[in-house]
Amino acid sequence: MNKSLTPFKEPVYVTRPLLPNLSHFTDKLAEIWDARWLTNDGPQHKMLENKLSEYLRVPHLSLFNNGTIALIVACQSLRLSGEVITTPFTFPATPHVLSWNGIRPVFCDIDPETMNIDSSRIESMITPQTTAILGVHVFGTPCDVFGIQEIADRYGLRVVYDAAHAFGVEIEERGIGTFGDVSMFSFHATKLFHTAEGGALTYNNLNQKQRVDLLKNFGIKNQEEVMMPGINGKMNELQAALGLVMLDYLEAERSKRKEIQELYHKLLSKIEGISFYESDRSALKLSYQYFVIRVDAAKFGMSRNELFDELKKYNIYSRKYFHPLCSEYACYRHIPSANNANLPVANKIASEVLALPYYGGLSLDDVEKICEIISDVRFAVGQYV
Ligand SMILES: Cc1ncc(COP(=O)(O)O)c(C=O)c1O
């Protein structure tokens, strides 16, 4: 440890959930108590659905109790089967959702810059069993949505997006949730916009919303008819109320994160061996969900794993996000596409990425100190103990 830099007094985690002023939330809870309506499409739920459709610029949206159930239902609603081509560089939920639908995930390598599914490699993974492409807008960077749609149209495939990281992202003022057949957003506590647990599906087609809304409520159409084997995916009124309150805090949180991101960019770009992906801001509205760097061990003088361990000594808890790859999990490593030879880029990137602390409550002084520590620790190996 470099003795001139002292560790943070309190642990600095990679994220910290944003919470509204308590009285703001309890005022909203009073509305629920007055209405005595706790779940099943109540007034808070209706309000949040409308407000989010507007905010995300999508024609139709369905709320869910979490993003994973939402994505399971998305696959059901499109009647996907056989094989679905997806990325190994994602959160476990993405391939697990396919398994829960009896679908075999087929792992496609990722783009060396954006870290999203590499659209130029998708075609080579298509077989007669393929029914869809499941892309993930990793860290909020959009997939090659136009290239993916072109392939899907040519082969008659469905397109599903895991947009868990992409809340509020727009491409040329078009909501990211309008691309493909359906997109899933997660409102987990760690997300920029959250409802403690929660999620949503978005789509352009009203029929699809109607089908999804049945599926997420046991398939119940009315007291006499159950249309299909549905599930319980409903968001309750307390979650929806929290979401409505959180919307008032969203823009302030986004601008704080923007400032933090800019400072990270400025300070880290001076450090040899540290890089980060910068989207083309001219056409994009960003999500400010994560701040992830890549560590080039040869140039930086220390591996990602060593940097992760060093930062802990300073009370900084970064995350190796996403490591390991989904293709390395015991439940998927037997799949032919999980073979390392098929995924050279994903394997390299998974060994380089590190998510740094990133939330509106992080002070700019703390960001400066984190960057100073990163800059200094590489000289520490073998020098300071
Ligand atoms: C890429 C991705 N997909 C899916 C999920 C699952 O969402 P949820 O936690 O809302 O079920 C997450 C995590 O939160 C995620 O990061």
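When a ligand or atom number is given, it counts from 1 through the structure's own listing order. As the structure is a prediction and not an experimental result, all values here were calculated from the model.
In this structure, Lys191 has a heavy atom closer than 4.0 Å to ligand 1. Residue Tyr321 places a heavy atom under 4.0 Å from ligand 1. Heavy atoms of Ala70 come nearer than 4.0 angstrom to ligand 1 in no pair at all.
Using a cutoff of 4.0 Å between basic side-chain nitrogens and carboxylate oxygens, Lys258 and Glu262 are scored as salt-bridged. Residues Lys313 and Glu310 are paired through a salt bridge, judged by an N-O separation under 4.0 Å between the basic side chain and the carboxylate. In summary, Glu372 and Lys369 do not engage in a salt bridge, as defined by a charged side-chain N under 4.0 Å from a carboxylate O.
Looking from atom 12 (C) of ligand 1 to the surrounding protein, the closest heavy atom is Phe91 CD2, 3.4 Å. Nearest protein heavy-atom contact of atom 7 (O) of ligand 1 is Ser186 OG, 3.4 Å. Given atom 16 (O) of ligand 1, the protein heavy atom at minimum distance is His165 NE2, 2.9 Å.
Under a 4.0 Å criterion applied to the non-hydrogen atoms of Ala93, ligand 1 contributes the atoms 4 (C), 5 (C), 6 (C). Below 4.0 Å from some heavy atom of Gly198 lie the following atoms of ligand 1, by number and element: 10 (O).
Checked against a 3.5 angstrom limit, the closest N/O atoms of Thr90 and ligand 1 fall outside it. Inclusion of Thr68 in the set of residues having an N or O under 3.5 Å from an N or O of ligand 1 is warranted. For Gly67, a nitrogen or oxygen atom sits less than 3.5 Å from a nitrogen or oxygen atom of ligand 1, counting backbone and side chain alike.
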Exercise. Would Tyr264 and Phe276 count as a ring-ring contact (aromatic ring centres under 6.0 Å, His included) if you check the C-alpha gap in whole Å, the side-chain angles of each, and the deciding distance to 0.1 Å?
Worked result: CA-CA 10 Å; Tyr264 265 138; Phe276 40 82; 9.0 Å; no
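Figure legend: cation-pi geometry between Lys320 and Phe308, with NZ or CZ positioned under 6.0 Å from the six-membered ring centre and within 45° of its axis. A cation-pi arrangement is present between Lys285 and Tyr55, with the terminal nitrogen or guanidinium carbon under 6.0 Å from the aromatic centre and inside a 45° cone about the axis.
Heavy atoms of Asp162 found under 4.0 angstrom from ligand 1 belong exclusively to the side chain.
Ring centers of Phe193 and Phe187: under 6.0 Å apart, within the cut-off. Aromatic rings of Phe185 and His137 (six-membered ring for Trp) have centroids beyond the 6.0 Å cut-off, not under it.
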